[in-house]
Amino acid sequence: MVRSVEIMDTTLRDGEQTSGVSFNAREKLTIARLLLEELRVSRIEIASARVSQGEQQAVRAVAEWAAAKGYADRVEALGFIDGGLSLDWLGAAGCRVVNLLAKGSRRHCEGQLRRTPEQHLADVRAEILAAVDRDMRVNLYLEDWSNGMRHSPDYVYAMLDGLADAPVQRFLCPDTLGVLDPYDTERFCRDLVARYPHLRFDFHAHNDYDLAVANTAAAVRAGFHGVHVTVNGLGERAGNAPLSSTVAVLHDRLGCKTGIDETKINRVSRTVESHTGIRIPANRPIVGESVFTQCAGIHADGDNKNNLYFNELLPERFGRVREYALGKTSGKANILKNLEVLGIDLDEAAMRKVTERVVELSDKKELVTVEDLPYIVADVLRYDLADNPVRILNYSLSLAQGLRPVATLKIEIHDRPYEQTSAGDGQYDAFMRALRQIYREQLGREFPMLRDYAVSIPPGGRTDAFVQTIITWEMDGRVFKTRGLDADQTEAAIKATIKMLNIIEINYNDNGC
Ligand SMILES: CC(=O)SCCNC(=O)CCNC(=O)[C@H](O)C(C)(C)COP(=O)(O)OP(=O)(O)OC[C@H]1O[C@@H](n2cnc3c(N)ncnc32)[C@H](O)[C@@H]1OP(=O)(O)O
């Protein structure tokens, strides 16, 4: 029988303990909705009690929404053993489930709370009963549980013995300092499952040794019922177990069921990335920008021959597509894959020349994007670049102290001229506003959304160095990048933009799309 594992997402509580991250009420509500309704995680933890008035309003907004939708029992918040203060705070915010933070190691109990284990046990029992009196459900964290199991297991057993008959739904076992490895995790978890077969346990990993996903899998293997994750691995210090790879490991390696809709993972990761401003590393499994990009020519060739370089992590599972990078390790198979996407057909001699040029360019450390390829083909085969359907005839950009920048622009699309003037928040913004007006108002056509704008200069800090601007665009669900290189930053951005205009003209409009 397939085992079900509960996924509890704590992006809005532990994730908010990432340095520099703070969600407002609207962001908490958006993320809560995405987690429960799109990803379909089992439960979410949305805040710690007593943090601030703003936080209480955010908890209230999420709790009211959850109650209206029938999700109240799946929305949890952390509370302290503080004689009812946290319970009052959470109750006033409409929260129905409290995750009480008890101590899971003797050193935390005696060193931080300055209570004996017996006193703490009595405090915790009283807090649980006070929560139940307020009609709240209780889960119980055993903070620093991993060190408790390492250095004071008798303390942990005494706590569990003393609470085994208490109205606690789940015991939440955190590796608070991220000190476990998968072997110890599995050993400690098996121990608890064997001693307390009637209790339900969750595992809460921290990623200090980059072992959070491996430890989480070990806890499930040992028989734990639930695990805690965060979107993009946010969380205190090095973070928690990332939802994306934890779910993939549970599905693929342990054959578990989680109820998560994998196709939504990438979208939710990107939304959280934009609300936190914390970039997802390009090589983060499942959601990183380049993890479904084959670079090596031999791999691309193997994909053509029975998908020899695929594993179970197919990009389509996660709402993504496989790509083939262009660089000095590309062979003709990579180039062919990209030309196929662009609908360009070359004979063998032309293919060889184009491959040589891509390798030559990337040898000089130039980034070659898929969208550069038509230009490289045109250049190598000496096509007339003036054949580009969109050309800039003239533009002027103004910048004056105390006045909004203004751009006047004249472009030609399929030999017809268009002109527009617009003000903006910067020169490039003014340029883009003018361009958007031409496309939307004069041509009545869609214009791509600018998803990302990255500027880099070679190391050395010279102000006259070449600037590289890479802009990421999105149109009709397709994401693509263009690159511009110039000594002037705005000119580099304009060059990247003109490339984009030609790509959409050739790929969308010439094909009648
Ligand atoms: C599992 C985890 O990640 S734990 C993280 C939990 N979340 C947070 O800490 C964020 C929210 N916390 C806060 O806003 C504040 O810390 C508050 C409001 C709870 C308390 O604030 P303050 O009174 O200023 O205390 P401070 O922040 O210095 O915390 C230390 C106090 O908490 C006490 N404490 C530590 N753990 C617990 C616990 N589980 N239950 C109750 N009190 C606790 C300490 O003993 C100390 O009390 P003392 O000052 O009487 O010695």
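Both ligands and their constituent atoms are indexed starting at 1 by order of listing. The model shown is predicted, which means the values in this text are computed figures rather than measured ones.
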State whether the side chain of Asp181 and the backbone N or O of Tyr183 hold a donor-acceptor pair below 3.5 Å, judged by distance alone.
yes
Between atom CZ of Arg74 and atom CD of Glu6, what is the distance when rounded to the nearest 0.5 Å?
9.5 Å
Would Asp14 and His206 count as having a side-chain donor-acceptor pair, cut-off 3.5 Å?
yes
Does atom 31 (C) of ligand 1 have any protein heavy atom closer than 4.0 Å?
no
Does a side-chain heavy-atom distance below 4.5 Å link Ile280 with Ser269?
yes
Return yes if some donor-acceptor pair links the side-chain N/O of Glu474 with the main-chain N/O of Arg451 below 3.5 Å, else return no.
no
Record the part of Gln17 in heavy-atom contact with ligand 1 below 4.0 Å; permitted values are side chain, backbone, both and neither.
side chain
Say you draw a straight line from CD of Glu45 to CG of Leu35; how long is it, rounded to the nearest 0.5 Å?
12.5 Å
Look at the side chain of Asp175 and the backbone N and O of Leu180, then say whether any donor-acceptor pair between them is shorter than 3.5 Å.
yes
Value for CH2 (Trp65) from NZ (Lys28), rounded to nearest 0.5 Å, stands at 14.0 Å
Closest by any non-hydrogen atom to atom 42 (N) of ligand 1: pick that one out of Leu100, Leu113, Thr176.
Leu113
Examine distances only and state if a side-chain atom of His225 and a backbone atom of Phe201 form a donor-acceptor pair shorter than 3.5 Å.
yes
Would you say atom 37 (C) of ligand 1 touches the protein, meaning some protein heavy atom is under 4.0 Å from it?
yes
Roughly how far apart are Asn311 CG and Asp252 CG, rounded to 0.5 Å?
8.5 Å
Is atom 25 (O) of ligand 1 less than 4.0 angstrom from some protein heavy atom?
no
Is atom 40 (N) of ligand 1 touching the protein, meaning some protein heavy atom lies under 4.0 Å away?
yes
Flag atom 15 (C) of ligand 1 as yes if some protein heavy-atom distance to it falls below 4.0 Å, otherwise no.
no
Is there a donor-acceptor pair under 3.5 Å between the side chain of Thr230 and the backbone N or O of Gly15?
no
Taking non-hydrogen atoms only, is Glu127 closer than 4.0 angstrom to ligand 1 via side chain, backbone, both or neither?
neither
Are any of the N or O atoms of Ala102 closer than 3.5 Å to those of ligand 1?
no
What protein heavy atom lies closest to atom 1 (C) of ligand 1? Include the residue and the distance to one decimal.
Leu101 CD1, 3.7 Å
Can you tell me which portion of Asp82 lies within the under-4.0 Å heavy-atom range of ligand 1? Options are side chain, backbone, both, or neither.
neither
Out of Arg13, His108, Gln112, Arg50, who is nearest to atom 45 (O) of ligand 1 when you count heavy atoms only?
Gln112
Within-cutoff protein neighbour (heavy atom, under 4.0 Å) for atom 11 (C) of ligand 1:
yes
Return the closest protein heavy atom for atom 51 (O) of ligand 1 as residue, atom name and distance.
Arg114 NH1, 4.3 Å
Would you mind listing which atoms of ligand 1 come within a distance below 4.0 Å of any non-hydrogen atom of Lys103?
35 (C), 36 (N)
What do you think, any protein heavy atom under 4.0 angstrom from atom 3 (O) of ligand 1?
yes
Sub-3.5 Å N/O-N/O distance, Ile81 and ligand 1
yes
Val51 heavy atoms, cut-off 4.0 Å: which ligand 1 atoms fall inside?
11 (C), 14 (O)
Option set Ser48, Gly79, Gly83, Gly111, criterion heavy-atom distance to atom 7 (N) of ligand 1, minimum
Ser48
How long is the gap from CG on Asp73 to CZ on Arg137, to the nearest 0.5 Å?
4.0 Å
Atom 9 (O) of ligand 1: the protein heavy-atom neighbour that sits closest, reported with distance to 0.1 Å:
Phe80 CZ, 4.2 Å
When rounded to the nearest 0.5 angstrom, what is the spacing between CE in Met475 and CE in Met500?
9.0 Å
Verify atom 49 (O) of ligand 1: protein non-hydrogen atom under 4.0 angstrom away:
no
